[in-house]
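What follows is one structure encoded as structure tokens, with my remarks underneath.
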2 protein chains.
Amino acid sequence: MADTSGAPEPSLDEQIAAYQREFQDLDPQVEKVVSALSRLNRRMNVAYGRQTAELGMSNAEWEVLKALVLAGDPYRMGPGDLAKRLGLTPAAMTHRIDRMVAEGLVTRERDENNRVRVIVGITEEGRAKWLEAMRMATVFEEELLQDLSGEERHRLGEMLTRLLRRVEEAQPDAGGRLSDLD
Amino acid sequence: MADTSGAPEPSLDEQIAAYQREFQDLDPQVEKVVSALSRLNRRMNVAYGRQTAELGMSNAEWEVLKALVLAGDPYRMGPGDLAKRLGLTPAAMTHRIDRMVAEGLVTRERDENNRVRVIVGITEEGRAKWLEAMRMATVFEEELLQDLSGEERHRLGEMLTRLLRRVEEAQPDAGGRLSDLD
DNA sequence: GCTTCGAAGTTTAGAGTTGAAGTCTTCAGG
DNA sequence: CCTGAAGACTTCAACTCTAAACTTCGAAGC
């Protein structure tokens with residue numbers, strides 16, 4: 001447990017001032033956007049982590065449930081596809097599924113038609129926990145954005161998707177790893 | 001045999017449609033902002049990871065160097081403070097410093113005045129690598145924002161800091177964990 | 001001075017991940 | 001059939017992080 005007491009994180013502006021002090025050719029406006037994005041994301045993950053912990057699971061497990069639900073109708077996927085979707089190795093997926101089967105969140109069976117394949121499905125309990133996590137997440141997200149008008153939300157979403165498009169075409173390979181399935 | 005390889009990540013809009021299909025009371029505008037933020041951050045970390053790898057280090061090591069440089073003049077900190085700043089446990093910090101000392105990026109010495117304390121400092125090589133990483137990072141960040149006008153950058157930064165302020169007051173405890181020092 | 005307490009780091013055990021090697025199944029030739 | 005190659009997952013060893021126990025030093029009290 002990281003002891004967060006003391007040594008307060010510098011404010012965004014303090015930090016940007018420090019960057020400018022040590023690295024002259026830095027555009028403070030760019031840095032402000034990038035640093036705010038990074039910090040915001042960190043805080044969001046902390047919030048999600050607390051919520052999933054309340055349901056007795058981890059963010060990692062939540063992401064598997066998300067992938068299965070979002071996959072749609074049969075709500076089943078192979079470990080390999082899940083691994084690609086979450087950006088981790090098949091080995092990690094094997095272990096993660098082991099744990100989740102033990103906890104009753106998902107099922108694992110062999111495909112009858114092709115006995116090499118394995119199929120992971122979501123259980124009733126898994127779906128219920130996903131739903132509850134979604135409820136908590138949307139409450140948090142609405143609070144997060146409460147200071148922005150409808151018009152502002154629209155503009156913010158539009159700008160972010162523009163940035164996303166730009167970086168996605170610069171990184172065509174999905175570049176998995178560091179997951180954080182959204 | 002549908003070549004399922006790739007299992008391409010669904011586009012943002014596809015994913016939001018999936019969310020709406022499975023969870024009716026969801027505000028698509030909110031979800032768009034949140035998901036774009038999350039994806040953007042993931043892509044940024046991938047980009048930084050490639051750059052630091054080019055310099056023969058990891059993002060984790062880069063973050064230690066950042067903390068030391070941003071700390072200012074003597075460019076030294078104790079492992080405990082570093083750990084707080086990066087949001088990890090003192091134990092993890094001990095190991096990380098071990099590796100970085102072995103790689104010649106930082107130094108570790110005992111404080112003369114108080115022999116319980118340890119002081120971590122940055123080496124010439126460490127500073128040089130930090131500088132080179134900063135150069136690469138700023139090039140990437142400028143490319144990322146190239147589609148936004150100065151006015152748009154300003155508005156984006158302002159909105160993000162507003163969100164950040166909101167979440168920071170909801171999570172007064174710095175909430176370390178999941179570091180990603182910005 | 002001696003003892004006790006608190007602070008700062010390190011060590012240890014356990015969870016989760018990666019990359020590489022291994023297993024099992026399917027499919028295409030020969 | 002039998003063999004070899006490819007695919008899908010699992011197993012194994014090494015690594016990094018967390019939580020908790022431990023060590024050491026410094027500061028008070030008595």
Side-chain angles (χ1 to χ4, degrees), chain A residues 1-7 45-46 49 52-53 56-64 76-103 106 108-120 175-181, chain B residues 1-7 45-46 49 52-53 57-64 76-103 106-120 175-181:
Chain A
M1 185 62 97
D3 175 5
T4 58
S5 76
N45 283 333
V46 169
T52 53
M57 59 183 181
S58 65
N59 274 354
E61 295 174 327
W62 186 29
E63 305 210 327
V64 174
R76 302 158 145 271
M77 293 176 75
D81 291 334
L82 271 172
K84 279 178 202 142
R85 184 73 190 79
L86 301 196
L88 31 84
T89 60
M93 205 63 236
T94 293
H95 298 314
R96 202 179 274 192
I97 292 168
D98 286 347
R99 301 193 296 275
M100 294 180 72
V101 167
E103 290 165 359
V106 300
R108 167 157 46 191
E109 23 178 311
R110 293 215 92 90
D111 185 334
E112 289 306 324
N113 304 30
N114 183 338
R115 305 182 37 68
V116 177
R117 287 201 161 81
V118 168
I119 300 181
V120 178
R177 246 64 11 169
L178 302 182
S179 76
D180 268 339
L181 180 57
Chain B
M1 205 79 332
D3 176 13
T4 61
S5 83
N45 283 333
V46 169
T52 52
M57 59 182 182
S58 66
N59 274 355
E61 294 173 327
W62 185 29
E63 306 209 327
V64 175
R76 301 158 144 273
M77 293 177 76
D81 291 334
L82 271 173
K84 278 177 202 145
R85 185 72 191 78
L86 302 196
L88 30 85
T89 61
M93 206 63 235
T94 293
H95 298 314
R96 202 180 275 193
I97 292 169
D98 286 347
R99 300 193 296 274
M100 293 181 73
V101 167
E103 291 165 358
V106 302
T107 58
R108 166 158 44 190
E109 20 178 316
R110 296 216 89 91
D111 186 332
E112 290 306 323
N113 304 30
N114 183 337
R115 305 182 39 67
V116 179
R117 285 203 161 80
V118 168
I119 300 181
V120 178
R177 240 84 8 167
L178 305 183
S179 79
D180 270 338
L181 180 58

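Letters A, B, ... are given to chains in the order of the sequence lines, protein chains preceding strands, and every chain is numbered from 1.
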Roughly, in whole Å, what's the span from [atom1] in [X] to [atom2] in [N]?
X         : N       : atom1 : atom2 : value
Met100(A) : dA15(C) : CE    : P     : 18 Å
Glu63(B)  : dT16(D) : CD    : P     : 15 Å
Asn114(A) : dC27(C) : CG    : C1'   : 10 Å
Met93(B)  : dA7(C)  : CE    : P     : 21 Å
Met57(A)  : dG16(C) : CE    : P     : 15 Å

Out of [options], which has the shortest distance to the side chain of [X]?
X         : options                   : value
Leu88(A)  : dT17(C), dT25(C), dT10(C) : dT17(C)
Thr94(B)  : dT17(C), dT18(D), dT11(C) : dT11(C)
Val116(A) : dT10(D), dA8(D), dA8(C)   : dA8(D)
Ala92(B)  : dG19(C), dC17(D), dG9(C)  : dC17(D)

At under 4.0 Å, does any side-chain N or O of [X] touch on OP1 or OP2 of [N]?
X         : N       : answer
Arg96(A)  : dT17(C) : yes
Arg115(B) : dC25(D) : no
Arg99(B)  : dT16(D) : yes

Problem - Whether over 12 other heavy atoms sit under 6.0 Å from Arg115(A) CZ - result: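 No.
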Exercise for the section: Just call it for Arg110(A): base, sugar-phosphate, or nothing, with non-hydrogen atoms closer than 4.0 Å on any strand. Expected result: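 No contact.
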Exercise for the section: Using a 4.0 Å heavy-atom cut-off across all strands, classify Pro79(A) as base, sugar-phosphate, or nothing. Expected result: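 Counting heavy atoms under 4.0 Å across all strands, the contact made by Pro79(A) is with sugar-phosphate only.
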Is there side-chain contact between [X] and [Y], with heavy atoms separated by less than 4.5 Å?
X         : Y         : answer
Glu109(B) : Val120(B) : no
Thr52(A)  : Ser58(A)  : no
Met100(A) : Ile97(A)  : no
Val64(A)  : Arg96(A)  : yes

Exercise for the section: Specify the residue among His95(A) and Asn113(A) whose closest nucleotide of DNA chain C lies further upstream toward the 5′ end. Expected result: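 Nearest nucleotide further toward 5': that of His95(A).
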